[in-house]
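Numbering of residues begins at 1 and proceeds along the displayed sequence.
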Amino acid sequence: MKESLKIWGILFAVLLVIGIFFNFRGESEPTEAETATQLDPQSTPADIPSQPSTQTIFKMNEPVQVGKLTYIIHSIDDKKEIGNAYLKKTTDNMFLIVNASIKNNDKESRIIDRNLFSIIDSEGRKYDAMPSVDSYVNDNVSFFLESVNPGLTRKGNIVFEVPPDIKGLKLEVTSGYALAGDETKLVDLQR
């Protein structure tokens with residue numbers, strides 16, 4: 001009986017600590033968008049004035065230093081079909097093929113992967129790269145968890161499937177994975 005009461009006491013103490021944490025963790029002030037939405041529930045994000053972005057937006061063919069990696073976005077192409085005579089993939093939407101190079105400026109090897117890239121459109125929607133189509137657009141290069149030694153550069157294609165009417169394309173590149181991926185920069189993909 002004493003053992004059971006001891007277990008219930010410990011369980012109660014743990015739940016109490018968790019409750020206190022979630023109750024007193026400090027509420028942040030609502031953003032301008034949240035306040036506007038609370039005042040007018042019919043408003044949409046497009047109705048709410050946007051804050052001017054202070055982030056520098058880079059251009060294609062311009063080196064972009066992000067952490068210990070340097071990106072250069074060489075070109076962008078859009079297609080309905082990718083592949084060759086033996087291996088083809090089609091879409092009712094659009095494939096965006098981004099040709100990029102990544103240089104490792106670190107003193108040790110770094111992992112590069114297509115997940116270091118995202119497309120962001122004018123509406124703020126974010127598109128991930130397609131992992132299953134590397135072999136459709138790359139011969140001997142793969143942006144799949146490849147270890148790149150210091151001072152070396154890898155160049156290849158990354159594919160995104162997007163709506164055909166997409167506008168305001170920006171490519172987001174990041175400084176790496178997990179703790180190394182805390183920095184991002186944008187590249188304007190307008191042609």
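- One distance of note links CD1 of Ile57 with CD of Glu62; it measures 11.5 Å at 0.5 Å rounding.
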Quick one: do Met130 and Lys89 satisfy side chain to side chain contact (heavy atoms under 4.5 Å, CB included)? Show the steps, please. CA-CA 12 Å; Met130 295 179 67; Lys89 180 126 178 121; 4.3 Å; yes

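- Using a distance-only test at 3.5 Å, with no hydrogens or angles considered, no donor-acceptor pair links the side chain of Ser118 to the main chain of Leu171.
- For the pair Ser101 and Thr153, the minimum side-chain heavy-atom distance is below 4.5 Å.
- Val173 and Phe160 fall within the same hydrophobic cluster, defined by Ile, Leu, Val, Met, Phe, Trp and Tyr side-chain heavy atoms under 4.5 Å apart, directly or through other members.
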Dump the intermediate steps for side chain to side chain contact (heavy atoms under 4.5 Å, CB included) on Ser175 and Leu69, then the final yes or no. CA-CA 6 Å; Ser175 56; Leu69 301 174; 5.8 Å; no

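- Judged by distance alone, the side chain of Lys80 and the main-chain N or O of Asp92 form a donor-acceptor pair under 3.5 Å.
- Under the 4.5 Å side-chain heavy-atom criterion for ILVMFWY residues, no single connected hydrophobic cluster contains both Val187 and Ile97.
- Distance alone, capped at 3.5 Å, places no donor-acceptor pair between the Asp78 side chain and the Phe95 backbone.
- Note that CG of Leu189 is 10.5 Å distant from CD1 of Ile120, once rounded to the nearest 0.5 Å.
- Considering all non-hydrogen atoms of both residues, Thr70 and Pro63 come closest at CG2-CB, 4.0 Å.
- Thr90 and Glu81 share no side-chain donor-acceptor pair at under 3.5 Å.
- Taking CE from Met60 and CD from Gln190, the interatomic distance works out to 10.0 Å, rounded to the nearest 0.5 Å.
- A heavy-atom distance below 4.5 Å is not found between the side chains of Asn104 and Arg154.
- The two residues Asn149 and Ser109 have their closest heavy-atom pair at OD1-CB, 3.6 Å.
- Atom-to-atom distance recorded for Leu169:CG and Asp121:CG is 7.5 Å, nearest 0.5 angstrom.
- Both Val66 and Ile112 belong to a common hydrophobic cluster when Ile, Leu, Val, Met, Phe, Trp and Tyr are linked at side-chain heavy-atom distances under 4.5 angstrom.
- Rounding to the nearest 0.5 Å places CG of Leu96 at 10.0 Å from CD of Glu161.
- Annotation for Lys185: atom NZ counts as buried by contact number, over 12 foreign heavy atoms lying within 6.0 Å.
- Residue pairs meeting the salt bridge (Lys or Arg N to Asp or Glu O under 4.0 Å) criterion with at least one member in residues 163-180, sequence neighbours excluded: Lys126-Glu172.
- Under a hydrophobic clustering in which Ile, Leu, Val, Met, Phe, Trp and Tyr are joined whenever their side-chain heavy atoms come within less than 4.5 Å, directly or via other members, Ile119 and Val159 fall into different clusters.
- Linking Ile, Leu, Val, Met, Phe, Trp and Tyr whenever their side-chain heavy atoms come within less than 4.5 Å leaves Leu152 and Ile72 in two separate clusters.
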Pair Asp113-Asn115, side chain to side chain donor-acceptor pair (under 3.5 Å): steps then yes or no: CA-CA 5 Å; Asp113 189 79; Asn115 291 324; 2.9 Å; yes

Could you walk me through whether Val98 and Ile73 satisfy the side chain to side chain contact (heavy atoms under 4.5 Å, CB included) test, starting with their C-alpha distance in whole Å, then the side-chain angles of each, then the deciding distance to 0.1 Å, before giving a yes or no? CA-CA 7 Å; Val98 176; Ile73 309 308; 3.7 Å; yes

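- Scanning for salt bridge (Lys or Arg N to Asp or Glu O under 4.0 Å) contacts around Glu123 gives Arg125, with sequence neighbours left out.
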Residues Val148, Arg110; criterion side chain to side chain contact (heavy atoms under 4.5 Å, CB included); working and verdict: CA-CA 5 Å; Val148 177; Arg110 297 288 301 266; 5.6 Å; no

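- The distance between the ring centers of Tyr71 and Phe117 falls below 6.0 angstrom.
- Sparse packing is recorded around NZ of Lys59, with 12 or fewer heavy atoms of other residues, nucleotides or ligands lying under 6.0 Å away.
- In this structure, Ser122 OG and Ile166 CD1 are separated by 7.5 Å, a value rounded to the nearest 0.5 Å.
- No side-chain donor from either of Asn99 and Ser75 sits under 3.5 Å from a side-chain acceptor of the other.
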